[in-house]
Amino acid sequence: MAATLVSIGAEVRAPHRRPPRERRPGVATAPPAAENGPVSDLHEPILRWYDDHARELPWRGESASAWSVMVSEFMLQQTPVARVLPVHEQWLATWPTPADLAAEPAGEAVRAWGRLGYPRRALRLHAAATAIVAQHDGVVPADYDELVALPGVGDYTAAAIASFAYGRRHVVLDTNVRRVLARAVGGVEFPAPAVTRAERDVATGLLPEEDATAATWAVAVMELGALVCVATNPRCEACPLADACAWRAAGHPAYDGPPRKVQAWAGTDRQCRGRLLAVLRESDGPVHRSRLDAVWADEAQRLRSLAGLVTDGLVVPGDGETYALP
DNA sequence: AATCCGTGGCT
DNA sequence: TAGCCAAGGAT
């Protein structure tokens, strides 16, 4: 992947993204709180823990480009790290820059997406790459407002790219961070179904003042949520916040909020769409509709799902008898 | 604000 | 086993 760096020379490296092996003695990433933002019982333990336990992920390395970070953020939307790793590696090898991807038909992005799920993320990533070429000289923007204007980039992803790729100071509020703060600060097992004002205020209040420290704080809290303060069976015995956690102090009270929705799967349009798209993904060119008929028996649902895929731009109808990726 | 959108591993 | 869950976004 080193060869991919040539084209991203203009991008700024985030100072916190250094190899863990270069760890210095002490807590290099935790400056004195009094000089660097909010004083809390959480900062030093989390920053120290991250310094010792952060995973070495491809999009975190010193040599990772902002594009690599951006691709990872798209792929990680609702998809576990373990399944993203191989696809991300292949993706960056094939399309080292936004311009490389933008030069391809969108269907190639959908094909390369494979079985990561939610294939419209691939479509949006392709559209975002196209916009970056057209509007930002092919360079992933560092500015939140420019990022959030890109297809498929919402509040979380914009903040994550600005923070992780460029070391900027942003509240990065994902499901992991929300869970950590709900427990450590709020004293409850799970956050509300949607982000609340109070929740964002807490996260804002905890954000270190200095850019680089804020960026490290953001990724560190997220990592803690991903590895220790997990949704089920949290590893409290290994948590650096054990002594400061409000939820633990309260005796781990059970969740008593509104029921958390679980998506149905078997027999849904989403399953049908997945079957249909898999046929197209695994075929080189257009496929006859009989090939699609074969993978879903319920005709009404099959036609409805296919029409939805066409509406979404994931499938392009041919002469009336065939369908293909865009 | 509630719903829709894929997939697969884990308990 | 059948939920439960995973670095959300768009409408």
Side-chain angles (χ1 to χ4, degrees), chain A residues 50 54-55 57-60 64 68-88 110 113-125 127-128 147-165 170-180 189-196 203 215 218-227 229-234 255 258-281 295-296 301 304-305 307-315:
Chain A
Y50 183 73
R55 290 168 292 182
L57 300 173
W59 45 88
R60 268 184 200 163
S68 175
V69 173
M70 180 171 168
V71 171
S72 78
E73 291 304 337
F74 269 72
M75 292 181 173
L76 288 165
Q77 292 170 2
Q78 301 287 281
T79 303
V81 168
R83 284 175 44 212
V84 164
L85 284 169
V87 184
H88 178 273
V110 175
W113 199 255
R115 303 188 68 80
L116 284 184
Y118 292 148
R120 50 183 175 200
R121 290 181 294 165
L123 224 45
R124 289 170 181 157
L125 181 52
L147 286 164
V148 84
L150 296 171
V153 178
D155 169 71
Y156 162 75
T157 302
I161 295 170
S163 183
F164 303 159
H170 285 283
V171 171
V172 181
L173 211 49
D174 80 321
T175 186
N176 290 305
V177 174
R178 294 188 63 213
R179 187 174 54 249
V180 170
E189 186 176 16
F190 295 113
V195 177
T196 65
V219 72
V221 179
M222 194 177 309
E223 189 80 337
L224 185 68
L227 297 182
C229 193
V230 293
T232 55
N233 301 324
Y255 176 73
R260 309 165 76 219
K261 54 174 184 263
V262 192
Q263 293 184 344
W265 171 244
T268 62
D269 285 6
R270 277 165 43 247
Q271 184 184 29
C272 180
R273 288 166 56 111
R275 291 258 187 94
L276 297 173
L277 201 59
V279 172
L280 297 182
R281 227 192 284 121
V295 298
W296 199 264
Q301 186 174 30
R304 180 176 70 241
S305 297
L309 288 168
V310 171
T311 297
D312 292 347
L314 284 163
V315 172

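A, B, ... follow the sequence lines: proteins, then strands. Residue 1 opens every chain.
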Exercise for the section: Determine the contact category for A:Val153: base if any of its heavy atoms lies under 4.0 Å from a base atom, sugar-phosphate if only primed atoms, P, OP1 or OP2 are that close, otherwise nothing. Expected result: sugar-phosphate
Practice task
Quick one: pull up CD1 in A:Ile161 and CH2 in A:Trp59 and give me the separation to the nearest 0.5 Å.
Solution key: 13.5 Å
Practice task
Using a 4.0 Å heavy-atom cut-off across all strands, classify A:Arg270 as base, sugar-phosphate, or nothing.
Solution key: base
Handout entry: Rounded distance in Å - CG (A:Asp312) to C1' (C:dT11)
Key = 11 Å
Practice task
Could you give the distance separating C:dG9 and B:dG8 at their P atoms, to the nearest angstrom?
Solution key: 23 Å
Exercise for the section: Please work out if A:Leu116 contacts a base, only the sugar-phosphate, or nothing of the nucleic acid, heavy-atom cut-off 4.0 Å. Expected result: base
Fill in the blank from the handout: note: A:Tyr118, atom OH; C:dA10, atom P; distance rounded to Å ~ 14 Å
Handout entry: Whichever of A:Thr232 and A:Leu314 has its nearest DNA chain B nucleotide further upstream toward 5'
Key = A:Leu314
Exercise for the section: Look at all strands and tell whether A:Gly117 reaches a base, only sugar-phosphate, or nothing, counting heavy atoms closer than 4.0 Å. Expected result: base
Exercise for the section: Report which part of the nucleic acid A:Ala160 touches: base, sugar-phosphate, or nothing (heavy-atom distance under 4.0 Å, all strands). Expected result: nothing
Practice task
Find the distance between CG (A:Leu116) and CD (A:Gln78) and round it off to the nearest 0.5 Å.
Solution key: 13.0 Å
Handout entry: Residue pair A:Thr157 / A:Leu147, side-chain heavy-atom distance below 4.5 Å
Key = no
Polar atom pairs between nucleotides 1-3 of chain C and protein, under 3.5 Å, N or O only, would you list them?
none

Exercise for the section: Describe the nucleic acid contact of A:Asp155 in one word from base, sugar-phosphate, nothing, applying a heavy-atom distance below 4.0 Å. Expected result: sugar-phosphate
Handout entry: pair A:Arg115-A:Arg83: side-chain heavy atoms closer than 4.5 Å
Key = no
Exercise for the section: Give one of base, sugar-phosphate or nothing for A:Pro119, where a contact means two heavy atoms less than 4.0 Å apart. Expected result: sugar-phosphate
Fill in the blank from the handout: From CG of A:Leu123 across to P of C:dA10 the rounded distance in Å is 13 Å
Handout entry: Atom pair CG (A:Leu125) and CH2 (A:Trp113), whose distance is rounded to the nearest 0.5 Å
Key = 6.0 Å
Practice task
Would you indicate what A:Gln263 reaches in the nucleic acid, counting non-hydrogen atoms under 4.0 angstrom: base, sugar-phosphate, or nothing?
Solution key: base
Practice task
Could you tell me whether A:Thr157 contacts a base, only the sugar-phosphate backbone, or nothing, with contacts defined as non-hydrogen atoms closer than 4.0 Å?
Solution key: sugar-phosphate
Practice task
State, with a plain yes or no, whether a side-chain heavy atom of A:Val221 is found less than 4.5 Å away from one of A:Tyr50.
Solution key: no
Exercise for the section: Establish, with yes or no, whether the OP1 or OP2 oxygen of C:dG9 is under 4.0 angstrom from a side-chain nitrogen or oxygen of A:Arg124. Expected result: no
Practice task
Report yes if at least one side-chain N or O of A:Arg179 is closer than 4.0 Å to OP1 or OP2 of C:dA6; otherwise report no.
Solution key: yes
Fill in the blank from the handout: A:Arg121 atom CZ is separated from C:dG8 atom P, nearest whole Å, by 9 Å
Exercise for the section: Starting at atom OH of A:Tyr255, determine the distance to atom C1' of C:dC5, rounded to an integer number of angstrom. Expected result: 14 Å
Handout entry: Any residue of residues 73-86 of chain A with a heavy atom less than 4.0 Å from an atom of DNA chain B
Key = A:Gln78, A:Thr79, A:Arg83
Problem - Between OG1 on residue A:Thr311 and CZ on residue A:Arg304, distance to nearest 0.5 Å - result: 12.5 Å
Practice task
For B:dC5 versus C:dA7, give the span between their P atoms, rounded off to a whole number of Å.
Solution key: 22 Å
Handout entry: Boundaries of the chain A footprint along DNA chain B (any atom under 4.0 Å from a heavy atom)
Key = B:dT3 to B:dG8
Problem - Point-to-point distance, once rounded to the nearest 0.5 Å, from CD of A:Gln271 to CG of A:Leu276 - result: 10.5 Å
Fill in the blank from the handout: d(A:His88 NE2, A:Ser72 OG) to nearest 0.5 Å is 5.0 Å
Practice task
Going by the salt bridge (Lys or Arg N to Asp or Glu O under 4.0 Å) test, name the single residue among A:Arg273, A:Arg124, A:Arg121 that passes it with A:Asp312.
Solution key: A:Arg273
Fill in the blank from the handout: Minimal heavy-atom distance between A:Val171 and A:Ala203, with the atoms involved, is CG1-CB, 3.7 Å
Practice task
Answer with base, sugar-phosphate or nothing: what part of the nucleic acid does A:Leu57 contact at a heavy-atom distance below 4.0 Å?
Solution key: base
Practice task
Just call it for A:Thr175: base, sugar-phosphate, or nothing, with non-hydrogen atoms closer than 4.0 Å on any strand.
Solution key: sugar-phosphate
Practice task
Verify, without hydrogens or angle tests, whether A:Arg120 (side chain) and A:Gly152 (backbone) share a donor-acceptor contact under 3.5 angstrom.
Solution key: no
Practice task
Taking the side chain as every heavy atom from C-beta outward, state whether A:Val81 and A:Arg55 have any pair of such atoms under 4.5 Å apart.
Solution key: yes
